[in-house]
2 protein chains.
Amino acid sequence: MKGKELLRSRSVLPIGTVMKLTNLTARQIRYYEEQELVLPDRSEGNRRLYSLNDIDRLLEVKDYLDDGINMAGIKEIYRQRRQKQASKRHEENKPLTDSDLRRILHDEFMNLGGLDTPDQQSFRTHNPLM
Amino acid sequence: MKGKELLRSRSVLPIGTVMKLTNLTARQIRYYEEQELVLPDRSEGNRRLYSLNDIDRLLEVKDYLDDGINMAGIKEIYRQRRQKQASKRHEENKPLTDSDLRRILHDEFMNLGGLDTPDQQSFRTHNPLM
DNA sequence: TAGCCATGTTAGAAAACATAACATGAAACT
DNA sequence: AGTTTCATGTTATGTTTTCTAACATGGCTA
């Protein structure tokens, strides 16, 4: 299950593709980034490059907005989710492997930990790629 | 195993990304297309859009070239592979389901049938995304 | 030696994307 | 009611990426 993660987290999609895949406008996508809800990579020439995980995130943000939750609320949701995962790791006192560490560095922001939460299942439901 | 196919065959990658992923130059990628070994989609604005399957194909073409096989040879290889798959379907007289038909329409060119051939496993070996 | 093959390089045009600023309708607040 | 704020639309201007087409070239091969 390592290759799939690589695939999902590899930043390869330009914003135009993301627009089609998510049905969001460039304005929306950039605004969510401004709000630090998605942090795409950049090409050498400064073009945004998105991963499949980014797309999941964008779709989830949009879902929350459609549910009437505002940016502040969404940010809080992600804050808590990160928090929960951190403490979960602590409780279980899991010894962290090297690759765990690498994942955490990346996930700390992405907030897509190893355990498949119900929320993430709902991502998939909305993901046009799956 | 349906979603994965969709993901693999979805044309979403611009040539710049493909260059990085395959280590091929734009010239090479376009030349292989000229030789009809990869047939990327096009955006409305005529930009090439590649799928993961396309990337597999590009890498395989390159491997063959590195092995000293020339374009004519590579084309012949794919011709025969298509042929074999077609006749295999015929021999087994498999009744084709609707989704089979859809796949075939797409695969007839892509030459990535339902059965995981040894060759395709070798694709994966070389695929930087997996 | 002459030609072909796979690829490099260059030029010019068009598409896609970036940032920034201003505009706006719907909510929320005072 | 009037005023802010929020999420998004729109427009302008500049840069990056990609496109096609043409010419160049080193290594094989007839």
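Chain A is the first sequence line, chain B the second, and so forth, proteins listed ahead of strands; every chain is numbered from 1.
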Quick check for you: among [options], whose closest atom lies nearest to any side-chain atom of [X]?
{"X": "B:Leu65", "options": "D:dC19, C:dA6, D:dT8", "result": "C:dA6"}
{"X": "A:Arg42", "options": "C:dA18, D:dT18, C:dG8", "result": "C:dA18"}
{"X": "B:Ser43", "options": "D:dT8, C:dA16, C:dT7", "result": "C:dA16"}

Answer yes or no for A:Arg27 and A:Tyr32: cation-pi contact, defined as NZ/CZ to six-membered ring centre under 6.0 Å and angle to ring axis within 45°.
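Because its charged atom misses either the 6.0 Å distance or the 45° angle limit, A:Arg27 does not stack over A:Tyr32.
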Whole-Å distance separating the [atom1] atom of [X] from the [atom2] atom of [N]:
{"X": "A:Ile74", "N": "D:dA7", "atom1": "CD1", "atom2": "P", "value": "8 Å"}
{"X": "B:Asp66", "N": "C:dT7", "atom1": "CG", "atom2": "C1'", "value": "13 Å"}
{"X": "B:Lys62", "N": "C:dT7", "atom1": "NZ", "atom2": "P", "value": "6 Å"}
{"X": "A:Asn70", "N": "D:dT5", "atom1": "CG", "atom2": "P", "value": "14 Å"}
{"X": "B:Gln28", "N": "C:dG8", "atom1": "CD", "atom2": "C1'", "value": "10 Å"}
{"X": "B:Ile29", "N": "D:dT18", "atom1": "CD1", "atom2": "C1'", "value": "12 Å"}
{"X": "B:Leu13", "N": "D:dT17", "atom1": "CG", "atom2": "P", "value": "16 Å"}
{"X": "B:Arg27", "N": "D:dA22", "atom1": "CZ", "atom2": "P", "value": "12 Å"}

Least distance between heavy atoms, B:Ala72 atom then B:Arg79 atom:
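Where B:Ala72 meets B:Arg79 most closely, the heavy atoms are O-NH2, 4.4 Å.
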Hey, is the side chain of [X] poking within less than 4.0 Å of OP1 or OP2 on [N], counting only N and O atoms?
{"X": "B:Tyr32", "N": "C:dA6", "value": "no"}
{"X": "A:Arg30", "N": "C:dA18", "value": "yes"}
{"X": "B:Tyr31", "N": "C:dT7", "value": "no"}

Taking for each residue the nucleotide of DNA chain C with the nearest heavy atom, is it A:Asn46 or B:Ile69 whose nucleotide lies nearer the 5' end?
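Between the two, 5'-proximity favours B:Ile69.
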On DNA chain D, compare the nucleotides closest to A:Gly45 and A:Ala72; which residue's is nearer the 5' end?
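This one resolves to A:Ala72.
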Does the base of C:dC17 carry an N or O that pairs as donor and acceptor with the side chain of A:Arg47 under 3.5 Å?
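A donor-acceptor contact between them is present.
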For the pair A:Glu60 and A:Arg81, find out whether any cationic side-chain nitrogen is under 4.0 Å from an anionic carboxylate oxygen.
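Yes, A:Glu60 and A:Arg81 are salt-bridged.
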Between B:Asp41 and B:Arg48 (salt bridge meaning N to carboxylate O under 4.0 Å), is one present in this structure?
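Salt bridge between B:Asp41 and B:Arg48, a charged N being under 4.0 Å from a carboxylate O: no.
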Please confirm whether the backbone N or O of A:Thr25 pairs with a side-chain atom of A:Gln28, one donor and one acceptor, at under 3.5 Å?
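Present.
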